Amino acid sequence: MKILCFLLILSVTAINARLFEGQCRPLIAPVVDPFNYKLYLGKWYEILWYDDEYETFDECIVFTYDPTSTDAFDMTLDLQEANHDFAHQQYKGHGVLSNPGELSTTFGSGIPSRVNHYVLATDYEHYAFVWDCFNVNSTHYNERMWYFDREANPSQRPSEVENLLTYFDPQYIRTTYHGKECLY
Ligand SMILES: *[C@@H]1O[C@H](CO)[C@@H](O)[C@H](O)[C@H]1NC(C)=O
């Protein structure tokens, strides 16, 4: 019973992201195509994130994508918990390239269920702008976006990123901390 409760709480937490009323809008920009999958892989620092309604203490966030075949990869999420002396946590996931510029990823063990990583802009060397949206039911949707950079503290924000950011409500855009406590 205890385990069941724990699992229930876990699954509720997992879907407890902020939801918007309505349904997903169409892609705000075309997906990058042609897409150079190999150049895209590697390490990305999360600079901005659009998602959470709940407070999170996860900072120093880094995603690493390592190829396992021509269209599959392992995904590692490294973060540090600002509320626990910046304790390091690591989560392993995996994914596939579903279409040019479209990745399907999961932190679970099975096959990813859908594309959840639309690359709307990248120059591979510096930045990437990634979008995701899904309809939770007929009245609510969940929308997410990430601005990734190859550097933890990029000196400037690319104009492509600035343009795409205008499509989002600034009050929900979260800046990931990459300060001196970060261990990478
Ligand atoms: C859709 O999900 C939201 C959030 O859980 C809920 O408030 C809403 O009532 C649901 N709508 C329907 C039609 O089930």
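First listed ligand is number 1; within each ligand, the first listed atom is number 1. Everything numeric here is computed off the predicted structure, so don't read it as measured data.
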Could you give all pairs that pass the disulfide (SG to SG under 2.5 Å) test and reach residues 120-184, with sequence neighbours left out?
-> C24-C133, C60-C182
Using side chain to side chain contact (heavy atoms under 4.5 Å, CB included) as the criterion, list what pairs up with L39, not counting sequence neighbours.
-> N36, Y124
Hydrophobic cluster of L183, others only, ordered by chain and residue number, side-chain cut-off 4.5 Å = none
Between CZ on residue F63 and CH2 on residue W44, distance to nearest 0.5 Å | 13.0 Å
Is any side-chain heavy atom of H94 closer than 4.5 Å to a side-chain heavy atom of T68?
-> no
Contacts for ligand 1, heavy atom under 4.0 Å, by chain and number, are L19, N137, S138, T139, H140
Do R174 and E59 meet the salt-bridge criterion of a basic N to acidic O distance under 4.0 Å?
-> yes
